[in-house]
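Presented below is the structure to which this report refers.
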Amino acid sequence: MSAPLNILVTGTSRGIGAAIRAALNGHNVVGHSTRGDEGEIAADFSDTDQVTALWWEAMGRLGGRIDVLVNNAGMFEATPIEQGDEAWLAGWERTMQVNLTASAALSRLAVLHFRETGGGRIVNVASRAAYRGDSPQHWHYAASKAGMIGMTKTIARGYAGENILAFAVCPGFTMTGMAEDYVESRGGSKLLADIPLGRVAMPDEVAETVRWMAVDAPASATGSVIDVNGASFVR
């Protein structure tokens, strides 16, 4: 393997994020969580100032250089349209802030940094919902992930000439604790019947895809979006 990379991964306390951190073993990885568990940097993504502070603390821990940013942190919170106007809009804005705006803020700082260091990579963990949509309670979630895809492609097209590469992965249902609860709430085996593979993805399958994008994907693959959803949505 080539020299270890310095990598910032958000949302590493559990599920896909924890699997990504494990898959990047051998590299210098700084993780993040809301509470800062187990050496992770604490940052509440509903507060943009904390997002910015996360970047600079990670820079300090990694000796002033970051080679790869993995935007994985996100939230999945139901916001039914039957809620009152203020509650519905607050839910929309909270999801957009955490899932999209925070990732955009970090990506901006990464691009500016990569310009100074000769290049780098951004990997965004989006969702099948970006293309397929989601439930009537999750307009905001689908929109935030679609925005992440648009951002990924824009970064790829805008900065490839500066060796700044951007990729995205779109998981479907993934076997985290949250996904298990959601699958059960949406019909369990009936929902699985919509997945030709016959099961939901495992976190390590998503993590391996992220690892490849972060470390091994050829430069010409910049702008790529890879689906990991058991063929439940193909395009």
Side-chain angles (χ1 to χ4, degrees), residues 7 9-12 14-21 23-24 45 68-78 95-96 98-104 106-107 110 121-157 160 165-180 182-183 186 191-218 220-235:
I7 304 175
V9 184
T10 67
T12 55
R14 61 180 183 176
I16 291 172
I20 291 170
R21 188 168 190 171
L24 291 168
F45 275 18
V68 181
L69 166 67
V70 179
N71 284 310
N72 169 71
M75 62 181 295
F76 185 78
E77 178 182 80
T95 291
M96 287 294 179
V98 171
N99 289 6
L100 181 57
T101 304
S103 294
L106 288 172
S107 295
R121 297 184 178 215
I122 297 170
V123 182
N124 291 318
V125 180
S127 170
R128 175 185 74 169
Y131 292 99
R132 175 174 162 159
D134 210 283
S135 80
Q137 288 76 41
H138 296 91
W139 295 13
H140 50 349
Y141 179 80
S144 71
K145 294 302 186 178
M148 183 175 270
I149 295 300
M151 180 177 71
T152 302
K153 292 179 178 292
T154 300
I155 292 169
R157 288 176 56 80
L165 313 178
F167 309 86
V169 58
C170 284
F173 291 119
T174 305
M175 192 54 71
T176 65
M178 182 173 61
E180 284 181 331
Y182 185 57
V183 167
R186 295 290 293 274
L191 183 64
L192 293 178
D194 189 43
I195 305 175
L197 187 61
R199 63 171 177 83
V200 300
M202 301 305 293
D204 62 323
E205 293 179 301
V206 181
E208 173 55 24
T209 306
V210 171
R211 188 211 60 78
W212 179 77
M213 291 173 164
V215 178
D216 292 327
S220 289
T222 190
S224 296
V225 181
I226 295 182
D227 298 320
V228 183
N229 64 43
S232 61
F233 183 76
V234 294
R235 55 190 171 84

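Just so you know, these numbers come straight off a predicted model, no measurement behind them. Residues: numbered from 1 along the sequence shown.
Of the possible polar contacts, none joining the T12 side chain to the G17 backbone as a donor-acceptor pair under 3.5 Å is found.
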V98/E77 under side-chain contact (heavy atoms from CB on, under 4.5 Å): CA gap, chis, key distance, verdict | CA-CA 11 Å; V98 171; E77 178 182 80; over 6 Å; no
Under the side-chain contact (heavy atoms from CB on, under 4.5 Å) criterion, do H140 and N99 qualify, and how do the steps go?
-> CA-CA 10 Å; H140 50 349; N99 289 6; over 6 Å; no
Run the numbers on T95 and M75 for side-chain contact (heavy atoms from CB on, under 4.5 Å), then give the verdict.
-> CA-CA 6 Å; T95 291; M75 62 181 295; 4.1 Å; yes
Check the pair L69 / S107 against side-chain contact (heavy atoms from CB on, under 4.5 Å), numbers first and verdict last.
-> CA-CA 7 Å; L69 166 67; S107 295; 4.1 Å; yes
May I have the step-by-step check of salt bridge (charged side-chain N to carboxylate O under 4.0 Å, His left out) for D134 and K145, ending in yes or no?
-> CA-CA 10 Å; D134 210 283; K145 294 302 186 178; over 6 Å; no
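Rounded to the nearest 0.5 Å, atoms OG1 (T209) and CD1 (I226) are 6.0 Å apart. Put simply, CE on M96 and OG on S144 are 5.5 Å apart, with the number rounded to the nearest 0.5 Å. Once rounded to the nearest 0.5 Å, the distance linking CD1 of I16 with CE of M202 reads 11.0 Å. Separating the CD1 atom in I149 from the OG1 atom in T154 is a distance of 11.0 Å, to the nearest 0.5 Å. Atoms CD and CD1, from E208 and I20 in turn, are 11.0 Å apart once rounded to the nearest 0.5 Å.
A142 approaches G133 most closely through the heavy-atom pair CB-CA, 4.1 Å. Closest approach of D216 to R211, counting heavy atoms only: OD2-NH1, 2.8 Å. Contact between G147 and L100 at its shortest, heavy atoms only, is C-CD1, 3.6 Å. The two residues P203 and G15 have their closest heavy-atom pair at CB-O, 4.1 Å. For I195 against F173, the heavy-atom pair with the smallest separation is CD1-CD1, 4.4 Å. Residues M213 and A217 come closest through the heavy atom pair CA-CB, 3.8 Å.
Take A73 and apply the side-chain contact (heavy atoms from CB on, under 4.5 Å) test, not counting sequence neighbours, and it matches T10, H32, F45. With sequence neighbours left out, R21 forms a salt bridge (Lys or Arg N to Asp or Glu O under 4.0 Å) with E40.
Contact check for V210 versus N72: no side-chain heavy atoms found under the 4.5 Å cut-off. For the pair I122 and N71, the minimum side-chain heavy-atom distance is below 4.5 Å. Within the 4.5 Å cutoff, the side chain of P171 has heavy atoms near those of the V125 side chain. Side-chain contact check for L192 versus R199: every heavy-atom pair is 4.5 Å or farther apart. M151 has its side chain within reach of I155: a pair of non-hydrogen atoms, C-beta onward, lies under 4.5 Å apart. Contact check for T174 versus V228: no side-chain heavy atoms found under the 4.5 Å cut-off.
Side-chain atoms of N124 and S103 include no donor-acceptor pair closer than 3.5 Å.
Remark: R132 is not positioned above the aromatic ring of F233, lacking an NZ or CZ atom under 6.0 angstrom from the ring centre and at most 45 degrees off the axis.
In this pair, F76 and H138 present their aromatic rings parallel. The plane angle is below 30°, not in the 30 to 60° band.
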